[in-house]
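Here is the structure we will look at, set down as structure tokens.
So you know, we letter chains A, B, ... as the sequences are listed, proteins then strands, and number each from 1.
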Amino acid sequence: MFQFLFKYPSPVFTKGRFVLLGEWPAWLLPLLIVAAATALAVLIGMRMRGALPALRGWRVWTIWGTQSLLVALLMLLLWQPAMSVSELDSQQNIIAVVVDDSRSMAISDSDGKTREAAALAALEGGLLAGLRKRFQVRVYRLGSDLQRVDSPQQIKPTETATHIGVGLKQLAETTSDLPVGAVLLLSDGSENAVGVPGTGIGADAMQALRNRHLPVHTVGFGALAPSPDVEVEDVNVAASAVANARIAATISVTQHGYTAKKANLTVRDGSKLIAAREITLSPEDQVQTEPLFLPAGSAGAKNLTFAVEPLAGEANTANNAMTRPILVDDAKRRILYVEGEPRWEYKFIRRAEDDDPTVQVVSMLRTSENKIYRQGIGNPSELAEGFPVRPEDLFGYSGIVIGSVAADYFSPLQQELLREYVDRRGGGILFLGGDRSLSDGGWAASPLNDLLPTILPGGNHTFHRDPATVALTPDGVDSPVTRILDDPEKNAERWKKLTYLADYEDPGSPKPGATVLAEMYAGHRTMPLLITESYGNGRTAILATGGTWRWQMSEPLGDPSHHLFWQQLLRWLVAATPGQVTASMPSRLLMDQGRVQLTAQVRNAEFQPDADARVTAHITGPEGTDAMVELQPSQDQPGTYQAEWTAEKPGPYLAEVTADAAGSPPQPLGRSVITFQREDGVAESFHTGQNRRLLRQLASETGGRYWTASDLKSLPRDISYSEAGISVRSTKELWNMPIVFLLLIGLPCSEWLLRRKWGVI
Amino acid sequence: MVDDFHGTEDWQNFMDGMREVLPNRPVEDLQSSDEIFHTLYDVDTKMQIPGEQYVWTGRTYEKDGYQPKWRAIRDDKGRIVVAICHNMHLGDAWEWADDPNYPEAFSSMAFRVGLDFIIYGMTH
């Protein structure tokens with residue numbers, strides 16, 4: 001119908017440029033149209049008084065409108081309108097036909113045929129023949145890379161991954177000296193590589209196509225709405241954890257056909273079930289994110305499988321699980337606890353940490369004005385001079401707890417060291433409530449005030465030896481720090497029933513960016529109890545009481561609440577504190593490719609970047625993989641070292657990065673261990689529905705068009721409108737379009753009919 | 001803390017009762033280097049601290065408790081849970097500290113040991 005009315009196919013108008021072939025200047029046309037319309041309006045206005053009543057108001061302006069349109073059309077025709085469009089020269093151009101041959105194309109959801117069979121049927125059913133009439137055709141198969149084939153029959157859906165962006169970029173680059181006029185991509189749109197948001201295709205691939213003006217026409221295969229299915233979209237979990245800690249993870253799930261049904265989330269370490277939860281599935285196509293808490297267990301490199309147990313009738317269960325490598329570390333982290341006065345809280349904190357093999361509390365208790373009692377020290381000289389004054393002495397601790405200690409106990413140098421400890425070194429500081437803490441300890445006026453996660457109240461007398469009850473906030477319900485019981489609701493109820501605190505201190509109001517995990521209630525007042533915040537590279541927290549010891553003394557014998565809470569709180573304090581060597585990589589999960597970029601941050605004892613270290617990585621992996629890789633210093637980031645490596649085989653890998661300071665003999669600076677995993681062929685099981693959005697956006701952003709498999713008749717013609725390859729710019733006149741003729745007759749006829757209807761003829 | 005019991009017979013009475021509370025725990029002698037004597041004050045040398053009877057007898061011992069015995073019972077983690085002061089009387093030394101007839105040396109030591117014990121109890 002479109003071509004019947006407009007004489008030319010739609011690509012002429014969508015890809016062409018509107019031009020005026022007349023000799024008169026183009027700016028004159030709108031001027032004359034406006035002038036004519038104005039003149040008509042004036043004429044009509046002058047004769048309005050004498051007009052018949054039936055032809056007043058909006059009716060007369062309707063007549064004016066049809067007459068103005070007719071005049072405008074006639075004037076436009078005088079300027080000889082046309083469309084200038086590029087067309088590929090016949091037989092001088094190549095059309096690259098790219099067929100997706102990944103495993104997802106083997107799914108049989110195209111009228112009983114596999115997607116691959118449907119694509120080949122479309123090609124053999126006239127599409128290829130139609131293209132070959134006007135162009136040379138090259139056929140390619142696309143999986144993790146692009147390969148040319150002699151015939152579509154050589155294409156089998158066996159590739160383990162789909163990298164559309166990589167393949168198109170390869171096509172654009174390898175055919176740079178060939179006249180490729182357009183690309184025809186037959187695919188279901190499953191892209192397993194990260195790319196430009198919204199397209200899923202890499203920015204460099206899009207740029208390569210744009211540089212050559214290559215339009216990509218896409219033909220989509222596969223059901224848009226897959227059969228009943230539950231799919232794991234993503235799993236977020238920390239790359240490392242402290243042994244025996246409780247780890248927080250989130251699992252994102254989508255589903256079709258199971259709205260409001262119950263499903264079981266599970267986490268397994270090999271075959272061992274370590275966590276499970278029942279959830280209710282959200283409405284279709286909504287990404288549902290659920291929190292999970294799981295025990296880290298003993299030390300070692302682990303591959304945890306996060307899964308949704310398959311439901312009855314699920315078409316595809318291969319997308320119900322994802323694995324994540326995690327390294328559980330049992331290295332003892334040392335915490336420096338500074339307490340300003342003998343009090344019960346001190347003893348019970350030490351007792352709680354006695355049972356935690358991964359944390360050691362080194363404490364200095366001020367027993368009198370001038371005496372310090374040290375416990376947990378590693379050697380007789382540790383803390384012998386009091387609180388450290390040198391960075392290398394303080395930065396060896398992974399966390400600091402400051403009890404009932406006034407701010408002026410620390411010298412200005414020590415205060416600055418505390419700030420550097422959090423900001424630069426990345427350590428954690430926990431402030432406790434007490435007689436000489438927070439506002440009562442002068443911290444509000446100290447230079448370290450901005451370290452605190454709250455705005456302290458003014459004045460003093462904020463510490464009260466009065467009871468206060470506690471409860472979790474919504475953030476606290478979701479936090480692993482406050483998890484005494486596994487079930488979130490039962491945990492929240494447990495907290496409400498905990499014995500009252502022996503004392504409390506008003507910590508003020510939380511700063512923006514701080515998180516309140518628990519509150520306390522004293523009389524009619526509600527105050528934050530446990531507040532956390534990130535600061536620089538580290539973190540700070542306030543526990544606004546010195547009276548949690550009552551949870552140990554007044555709860556039934558054997559109740560673990562007090563111990564659990566303190567162990568989890570102190571593990572949170574130190575878990576993210578980096579060592580002198582920190583290894584990282586962009587992604588710990590390698591999907592169908594093994595390229596690894598390993599980065600190490602190396603710092604000296606003062607936690608300043610060390611640009612002269614010798615850094616090596618020892619990588620072990622499946623089937624006896626064993627490699628030593630030297631990391632090279634970065635030129636623009638002192639203390640950063642990098643190396644690239646390739647994991648050839650699928651499976652779990654472990655990289656131990658060690659750094660030695662320059663000098664003879666070399667002094668070890670530290671080590672960092674990181675785990676990663678290569679998975680082949682897994683990604684193809686996810687997002688198996690046709691990704692029409694990706695195919696449409698790829699087509700529209702390159703100047704192509706998205707086609708359905710059932711409507712390819714005009715493709716061989718429409719694909720010729722392209723600026724790539726060897727193209728000729730042709731001009732198509734518009735004056736003789738049927739629509740013009742219809743308008744020339746239709747507008748006056750419409751006016752006549754209206755006048756007749758209104759009885760003014 | 002157990003204090004003010006002297007000689008063999010008192011010790012037997014004490015142990016008969018203690019065995020009903022902690023039947024399997026050994027009693028050990030404390031050394032001067034033990035942590036409990038160094039929490040606040042460093043009490044390296046100790047003397048037999050007599051009760052108030054010293055004022056009119058001149059003896060530091062009572063009954064057949066000739067030698068002071070600083071002993072303790074510990075828990076599984078090595079923390080002292082019972083501090084035993086046998087053949088001495090620290091309580092009197094605190095109580096009669098203001099009596100000019102009662103030697104200051106005994107009271108001073110008793111206070112230092114007592115405060116060490118308190119700090120130990122608040123830190124272990």
Side-chain angles (χ1 to χ4, degrees), chain A residues 335-357 359-380 382-384 386 401 403-405 432 434-435 502-503 546-550 552-553 557-558 563 566-567, chain B residues 1-3 18-26 28 30-46 70 72-85 90-91 93-94 97 104-105 107-124:
Chain A
I335 293 177
L336 174 59
Y337 177 12
V338 185
E339 187 55 84
E341 56 177 338
R343 56 181 188 160
W344 296 117
E345 189 78 333
Y346 172 91
K347 161 194 178 119
F348 283 91
I349 293 174
R350 286 200 57 85
R351 283 198 167 195
E353 288 309 307
D354 263 351
D355 293 334
D356 190 345
V359 171
Q360 183 191 9
V361 174
V362 180
S363 57
M364 46 179 286
L365 165 67
R366 193 165 59 166
T367 51
S368 70
E369 271 305 310
N370 302 309
K371 296 200 84 171
I372 300 286
Y373 177 51
R374 299 171 293 156
Q375 288 176 274
I377 53 177
N379 58 74
E382 185 175 1
L383 302 174
V401 178
S404 183
V405 183
L432 305 180
D435 198 33
D503 53 58
T548 64
W549 58 270
R550 295 197 80 252
Q552 181 66 14
M553 289 301 291
L557 181 66
H563 278 26
W566 274 102
Q567 288 173 6
Chain B
M1 174 183 172
V2 193
D3 178 49
M18 188 51 63
R19 282 295 168 238
E20 301 212 12
V21 179
L22 298 170
N24 298 318
R25 291 282 170 192
E28 62 177 75
L30 286 173
Q31 308 302 316
S32 290
S33 58
D34 201 277
E35 208 177 348
I36 198 170
F37 293 122
H38 299 275
T39 55
L40 179 57
Y41 296 102
D42 291 315
V43 181
D44 294 310
T45 54
K46 294 180 285 297
W70 304 88
I73 298 174
R74 297 182 189 269
D75 66 5
D76 289 336
K77 296 196 184 213
R79 292 186 289 237
I80 294 173
V81 292
V82 183
I84 302 167
C85 302
L90 271 66
W94 301 333
E104 175 271 332
S107 292
S108 296
M109 167 151 287
F111 277 124
R112 287 201 295 276
V113 171
L115 285 166
D116 272 355
F117 280 17
I118 289 172
I119 297 294
Y120 184 91
M122 293 186 76
T123 56
H124 288 76

Q: Please list, in residue-number order, every residue in residues 72-85 of chain B that has a heavy atom less than 4.5 Å from any heavy atom of chain A; write 'none' if there are none.
A: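 When heavy atoms of chain A are the reference, residues 72-85 of chain B contributes Lys77(B), Arg79(B) within the under-4.5 Å range.
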Q | Proximity of residues 341-351 of chain A to chain B, residues having a non-hydrogen atom under 4.5 angstrom | A |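 The list, in residue order, reads Pro342(A), Arg343(A), Trp344(A), Tyr346(A), Lys347(A), Arg350(A), Arg351(A).
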Q) So which heavy atom on Tyr41(B) is nearest to which on Lys371(A), and how close? A)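 Shortest heavy-atom separation between Tyr41(B) and Lys371(A) comes out as CA-NZ, 3.9 Å.
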Q) So which heavy atom on Ile119(B) is nearest to which on Thr367(A), and how close? A)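 The pair with the smallest heavy-atom distance is CG2-CG2, 4.1 Å.
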